[in-house]
Amino acid sequence: MASELQQLRFDPPQSNASDESSARDDRPLLNSDSGAVADQDSDDTHLKYAPFSRRDAYGTMGRGELPWMEKVLLGMALVTIVPIRVVFGMSLLFLYYMICRICTLFYDPNREADEQEDYAHMMGWRRSVIVWSGRFVSRAMLFVLGFYWISEVNRIPPNENKSTNENEGQENSQESERPGVIISNHVSYLDILYHMSSSFPSFVAKRSVAKLPLVGIISKCLGCVYVQRESKTTESKGVSGVVSERIREAVKNSSAPMMMLFPEGTTTNGEYLLPFKTGAFLSKAPVLPLILRYPYQRFSLAWESMSGGRHFLLLLCQFVNHLEVIRLPVYVPSQEEKDDPKLYANNIRRFMAKEGNMLLSDIGLPEKRVYLAALNGNNNIRSVLHQKDD
């Protein structure tokens, strides 16, 4: 299977976007003489940063001029379905918070060298209650947000049909091909809710998430690996080291939680795949690729160029939301891919782009910051490019 997938080759779409993104200068991306954007500059900029541009009825940053019918629908949603969703959503969040609190009472969590608390390795009834209630609450939360049904498609590998004897004789081989990490494109914060409802994996999160009200204890029960940039000691394994260790553990132990990683490092509009970071592939373990899509007619659920508060409010105002999931076969790396994490990452990316009918883009988080800064009228590109990656 891996040898067949490795032979796949895809050429990124030829456009001026990739060529222009490598040539950075201090010329303003958007004109701001009177606070408005010139049409020509706007079109060129949106084309240049196509993976982060919005194409729905709400326009760039969700501030486009809406037709009167759309305004009527928003008004109706604000006084009817939005309050209901807020009440039920907060109730579900508080319910799961209390479940996590009860299950972690009098339990001493594992601690890494950097004092990271880890409840993911909890065993027995505590772990069962946290996992199954977490999956149920996550799916219920999606239902409250308008995802009344989720379309899931499983891509079966061509050699799936085997005789009984062959299956029995290859149990060890199948065990060695167990994935330790789920790889997914990143479109919205809603991706996390879906993955929690589907497989309840561990994520990589900012250290500050662990201190948030309600969400903090939930992230610890998920077994999140926290990014702690301020740690400079030699005792710390670093994020990549902890993630690789967790992935290898999940491969060897079926009861250990898998890792869930978004190798693009940021969100897009769902039509493109950005270059993959290699952190998910350093462990040399098999991966399970997933592709998420959010079909829409009025409001796109992609979270790329809009503020979080505005996006969440418009999400609540949409009566029905849609999610499509494509589950690809487990990808077992070849020896060449194990020796070269960049080759492994690129082959997975090309495979996902082909199966998901997505375009490949050469730009990433730094270019996204330039684009967002330009939309907000900040033309000081150098200051934006020198920001640290999240």
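Counting from 1, the numbers follow the sequence of the chain as shown.
Hydrophobic clustering of Ile, Leu, Val, Met, Phe, Trp and Tyr side chains at less than 4.5 Å, counting indirect connections, unites V86 with L190. Criterion: ILVMFWY side-chain heavy atoms under 4.5 Å apart, direct or through other members. Under it, M123 and M258 are not part of a common hydrophobic cluster. Put simply, F136 and L93 are part of the same group of oily side chains (I, L, V, M, F, W, Y) that touch within less than 4.5 Å, one to the next. Cluster annotation: F94 is connected to F312 through the hydrophobic network of ILVMFWY side chains, with a link wherever side-chain heavy atoms come within less than 4.5 Å. Clustering ILVMFWY residues whenever any of their side-chain heavy atoms sit less than 4.5 angstrom apart, transitively, puts W132 in a cluster other than the one holding L92.
A donor-acceptor distance shorter than 3.5 angstrom exists from the side chain of R349 to the backbone of L274, with no hydrogens or angles considered. With hydrogens and angles ignored, the 3.5 Å screen pairs no side-chain donor or acceptor of S300 with any backbone N or O of D56. No donor-acceptor pair closer than 3.5 Å links the side chain of R155 to the backbone N or O of P329. Under a 3.5 Å cut-off, the side chain of R293 and the backbone N or O of G356 do form a donor-acceptor pair. A donor-acceptor pair under 3.5 Å links the side-chain atoms of D191 to the main chain of S188, judged by distance alone. Using modelled atom types, one side-chain atom of N269 and one backbone atom of A50 make a donor-acceptor pair closer than 3.5 Å. Side-chain atoms of K48 do not come within 3.5 Å of backbone N or O of Y371 as any donor-acceptor pair. In terms of modelled atom types and a separation under 3.5 Å, the side chain of Y344 and the main chain of D339 share no donor-acceptor contact. Between the side chain of N376 and the backbone N or O of L372 there is at least one donor-acceptor pair closer than 3.5 Å. No side-chain donor-acceptor contact under 3.5 Å links D362 to the backbone of P275.
Residues S361 and P51 approach most closely at OG-CG, 3.5 Å, considering heavy atoms. For the pair L328 and L288, the tightest heavy-atom approach, listed with the atom from each and the gap, is O-CD1, 3.3 Å. Here the shortest heavy-atom pairing between C103 and W125 reads SG-CZ3, 4.2 Å. Between M61 and M306, the closest heavy-atom pair is O-CG, 3.6 Å. Considering all non-hydrogen atoms of both residues, E264 and K277 come closest at O-CE, 4.4 Å. Annotation for A353 and L273: closest pair N-CD1, 3.6 Å, computed over non-hydrogen atoms.
Within 6.0 Å of OH on Y148 lie more than 12 heavy atoms contributed by other residues, nucleotides or ligands. Dense packing is recorded around OH of Y296, with more than 12 heavy atoms of other residues, nucleotides or ligands lying under 6.0 Å away. Within a 6.0 Å radius of CZ in F319, more than 12 heavy atoms belonging to other residues, nucleotides or ligands are found.
For the pair E337/I348, no side-chain contact is recorded, criterion being any heavy-atom separation below 4.5 Å from C-beta on. The shortest distance between side-chain heavy atoms of T267 and V187 does not fall below 4.5 Å. Put simply, the side chain of L301 reaches to within 4.5 Å of the side chain of F147, judged on heavy atoms. Side-chain atoms of C224 and V209, non-hydrogen and from C-beta on, never get closer than 4.5 Å to each other. Taking 4.5 Å as the limit, some side-chain heavy atom of L282 sits within range of a side-chain heavy atom of S240. Counting heavy atoms from C-beta on, the side chains of V370 and Y49 come closer than 4.5 Å. Using a 4.5 Å heavy-atom threshold, the side chains of L316 and I81 count as separate. E65 has its side chain within reach of K71: a pair of non-hydrogen atoms, C-beta onward, lies under 4.5 Å apart.
Side-chain contact of S219 with Y226: a donor-acceptor pair under 3.5 Å is present, judged by distance alone. For the residue pair Y194 and E152, a side-chain donor N or O sits within less than 3.5 Å of a side-chain acceptor on the partner.
A salt bridge between E70 and R298 is present, with a side-chain N of the basic residue lying under 4.0 Å from a carboxylate O of the acidic one.
Taken from OG in S334 to CG in L343, the straight-line distance is 6.5 Å, to the nearest 0.5 Å. For the atom pair F143 CZ and N321 CG, the distance stands at 12.0 Å (nearest 0.5 Å). For the atom pair CZ (R350) and CE (M352), the distance works out to 14.5 Å, reported to the nearest 0.5 Å. Note that CE of M98 and OG of S133 are 12.5 Å apart. Values are rounded to the nearest 0.5 Å. Atom CZ in F281 sits 8.5 Å away from atom CG in L261 (nearest 0.5 Å). To the nearest 0.5 Å, the span separating CZ on R55 from CD on E271 amounts to 4.5 Å.
The aromatic rings of F262 and F203 sit parallel to each other, their planes meeting at less than 30°, with 60° as the upper class boundary.
Counting Ile, Leu, Val, Met, Phe, Trp and Tyr side chains that sit under 4.5 Å apart, directly or through other members, L105 shares a hydrophobic cluster with F106.
When each of S198, S202, S184 is paired with M260, the side chain to side chain contact (heavy atoms under 4.5 Å, CB included) condition holds for S184 and for no other.
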For residues 211-218, dump all side-chain donor-acceptor pairs below 3.5 Å to protein atoms at least two apart in sequence or in another chain.
none

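Here F299 pairs with Y58, H311 under the ring-ring contact (aromatic ring centres under 6.0 Å, His included) rule; sequence neighbours left out.
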*T268/F52 under side-chain contact (heavy atoms from CB on, under 4.5 Å): CA gap, chis, key distance, verdict*: CA-CA 5 Å; T268 69; F52 313 121; 4.2 Å; yes
*Start with the C-alpha gap between L315 and W303, add the side-chain angles, then the distance that decides, and say whether side-chain contact (heavy atoms from CB on, under 4.5 Å) holds.*
CA-CA 11 Å; L315 162 68; W303 186 40; over 6 Å; no
